Amino acid sequence: MGENERNVLHKVQEYRKIVLLYEALDEEIDNLLMAHGGHKDQMSAEDLARYRQLARQRDDLLNEMRALEQQLQITDDEG
């Protein structure tokens with residue numbers, strides 16, 4: 001396997017890892033929202049701070065995913 005193929009494989013593995021982390025954070029955010037009837041304004045200050053922290057982490061992961069998608073030339077135009 002050449003250096004370029006190893007690099008692509010590494011990026012694909014990193015992308016998969018980030019997707020799984022993103023999905024886990026998204027589920028945690030959904031659970032937090034559902035615990036409060038789907039409304040952030042019903043959250044305690046502590047829960048709202050946790051929600052914001054999770055949302056920031058999820059946004060950071062989404063940015064990483066998008067950067068890797070560009071490097072790997074992944075598009076949603078498949079259908």
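Side chains are part of it too, since the values below use all heavy atoms of this structure and drop only hydrogens, waters and symmetry mates. Just so we're clear, the structure is a prediction, and the values are computed from it rather than from any experiment.
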Legend entry - Side-chain heavy-atom pair Leu33, Met43 within 4.5 angstrom cut-off: yes

Legend entry - From CD (Glu64) to CD1 (Ile18), nearest 0.5 Å: 4.5 Å

Legend entry - Pairs flagged by side chain to side chain donor-acceptor pair (under 3.5 Å) wherever residues 19-33 is involved - sequence neighbours left out: Asp26-Arg58, Glu28-Arg50

Inset, instruction - Begin from the C-alpha positions of Glu14 and Lys11 and carry the test salt bridge (charged side-chain N to carboxylate O under 4.0 Å, His left out) through to its verdict. - result: CA-CA 5 Å; Glu14 183 67 18; Lys11 287 180 182 180; over 6 Å; no

Inset, instruction - Working to the nearest 0.5 Å, report the span between CG of Asn4 and CG of Leu9. - result: 11.5 Å

Legend entry - Euclidean distance, Asn7 CG relative to Gln71 CD, rounded to 0.5 Å: 8.0 Å

Inset, instruction - For His36 and Met34, indicate whether the former's side chain and the latter's backbone hold a donor-acceptor pair under 3.5 Å. - result: no

Legend entry - Student check: side-chain heavy atoms of Asp47 and Lys40 closer than 4.5 Å: no

Legend entry - Within one Ile-Leu-Val-Met-Phe-Trp-Tyr cluster: Val12 and Val19, side-chain cutoff 4.5 Å: yes

Legend entry - Donor-acceptor under 3.5 Å (Gln42 side chain, His39 main chain): no

Legend entry - Gap between atom CG of Leu25 and atom CG of Asp60 - 0.5 Å precision: 10.0 Å

Legend entry - Reported CZ-to-CG distance for the pair Arg52 and Asp59, which is rounded to 0.5 angstrom: 13.0 Å

Legend entry - Leu68 CG to Asn63 CG distance, which is reported to the nearest 0.5 Å: 11.5 Å

Legend entry - Presence of salt bridge, Arg66 and Glu69, under 4.0 angstrom: no

